[in-house]
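Notes for the one structure printed next.
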Amino acid sequence: MTAGRPQNRSFAVVDPATGETFDEAPDQHPDDLDAVVARAHAAWRGWRADHGARSAALRAAADAVAAAGAELAPLLTREQGKPLAESYQEVARTAARLRYFAELAPRPRTITDGRPVHSEIRWRPLGPVAAIVPWNFPLQLASAKFAPALAAGNTMVLKPSPYTPLATRLLVSVLAGALPEDVLTVVTGREPLGARLASHPGIRHVTFTGSGPTGRAVARGAADSLARVTLELGGNDAAVLLADVAVERIADRLFWAAFRNCGQVCMAVKRVYAPAGRYAEVVEALAERAKRVVVGAGLDPGTELGPVSNAAQLARVESRTARALADGARAVAGGHRLDRPGYFFAPTVLADVPAHSAVVTQEQFGPVLPVLPYTDLDAAVDAANGTGFGLGGSVWGTDLDRAEEVAGRLECGTAWINHHAELSLAQPFAGVKESGVGVAGGPWGLYGNLRPFVVHRPRPEA
Ligand code: NAD
């Protein structure tokens, strides 16, 4: 412990539905990480030894999470803002991911290349892994880190966002009933806690989800120790509507693909490209839904859309929308904060947005959707591919073969037809360009937490 450092520091946690502090979390000092990482290293020896015991522990962990939904979900809503039903879904997804990875094991392989040698590829865990995650899906994104890392035989130090530390602390205490001590440790605090964790010499893999600028800082920090780096970064997903799109049939799905979790989804629809001949109809269908969606506190029954999660994000959404309006966009729905306590922003549909406006070129990460007309499909695909991002994308139309052909031209990690942002636990998840480095999800997520170890042994003399 550093001499003179204040003891028992904490920081405030704010309920975005009221804008008021409702609890606090420990503000851990970066120097505390030395002991935490040392304990994670000590716990690694036992944890990596027995795959069967790990699987059993992860299955028990999944059961414990599922059983704790009634405590976890309301706390998640309180600190993050999302409707309670979505918090329950997040808890269920967390349990499902633990169950999925509990059953995965790496496959040894032999190399047959004609040499008189038996060569076997085995897989070894890396050591203590650092996970740093954002505030939009605190539990789900934490589990996307710890489920594969622990299944692979690593231990983990997990740092949630200071906006949403509480549900993660509760989750880790629930998991502690099923996992050996120090296999998974949560640390909470303000910067430079994350920066110090990313560059800690005892960490062998830094897996980060968050914004591009922070991801770059994390990668620079990890360069000091040459730890492996996985980055899941921002997105600016486009939905390209084709001329034969059945607007009323897809409008609800498209709307929620953009506005779920108040638009704070890395792979939300963040731009819509509609054929000029269908433009008015598309704008109207989305605006009509934006006007009738029930906005309120996530804990209120009936709420469909909660507040923006924190004051900084609300300010970003507000200024990006104001900029678009100043650039000549038209707010067909919303366009402003709601006049009530808390961080509420009216669900907003923007028409006639100039293509250079930041709400189109950058990630808005809020309840604001620009809709742009196009006359030439190739130009629309170029525009969809024309940002620095490449996380997901979708194509919407009646002729599925045609839609699939267009989807195949999107430069991103996952493309959907008549859907967006539905992911399988078994699929690889990877962004291209500035949306990420490395592959998470499915067996790829497991192997991303392992290193190959190759043994060559002479074959017996013939
Ligand atoms: P952020 O980059 O501000 O913060 C992410 C995490 O990094 C937080 O825990 C934060 O405390 C920590 N952090 C901040 N500064 C740090 C530093 N210098 N070193 C180490 N850690 C540091 O992102 P955010 O605002 O919390 O989250 C929103 C972003 O996350 C959006 O860009 C969104 O698209 C992205 N995101 C991506 C995915 C994906 O899977 N690709 C998923 C969800 C969110």
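As the structure lists them, so they are numbered: ligands from 1, and atoms in each ligand from 1.
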Please classify the Pro160 to ligand 1 contact at 4.0 Å (heavy-atom distances, strictly less than): side chain, backbone, both or neither.
backbone

Would you mind finding which of Phe365, Phe429, Trp135, Tyr163 brings a heavy atom closest to atom 33 (C) of ligand 1?
Phe365

Please could you name the atoms of ligand 1 that Pro134 approaches to less than 4.0 Å, counting only its heavy atoms?
24 (P), 26 (O), 27 (O), 44 (C)

Atom CD of Glu181 with >12 non-hydrogen neighbours under 6.0 angstrom
no

Under 3.5 Å side-chain donor-acceptor pair for His200 and Asp34:
yes

Regarding Gln80 and Ser309, do their side chains bring together a donor and an acceptor under 3.5 Å, going by distance alone?
yes

How does Val133 reach ligand 1, if at all, at less than 4.0 Å between non-hydrogen atoms: by side chain, backbone, both, or neither?
backbone

Check Val265 against ligand 1 and report side chain, backbone, both or neither, counting heavy atoms closer than 4.0 Å.
neither

Is there a heavy atom of Pro162 sitting under 4.0 angstrom from any atom of ligand 1?
yes

Nearest to atom 18 (N) of ligand 1, what protein heavy atom do you find, and at what distance?
Glu191 OE1, 3.8 Å

Which heavy atom in Cys412 sits nearest to a heavy atom in Gly393, and how many Å separate them?
SG-N, 3.8 Å

Does Glu405 have more than 12 heavy atoms from other residues, nucleotides or ligands lying within 6.0 Å of its CD?
yes

Could you tell me whether some N/O pair between Ser211 and ligand 1 is separated by less than 3.5 angstrom?
yes

To which of Lys270, Glu363, Arg220 does the heavy atom nearest atom 32 (O) of ligand 1 belong?
Glu363

Using distance alone, with no hydrogens and no angle criterion, decide if Lys145 and Thr209 have a side-chain donor and acceptor under 3.5 Å apart.
yes

dist Phe208:CZ -> Leu197:CG (nearest 0.5 Å) comes out at 11.5 Å

What do we get for Ala195 next to ligand 1 when only non-hydrogen atoms under 4.0 Å count, side chain, backbone, both or neither?
both

Backbone or side-chain N or O of Phe208 under 3.5 Å from ligand 1 N or O:
no

For Thr155 against Ala40, the heavy-atom pair lying closest together:
OG1-O, 2.8 Å

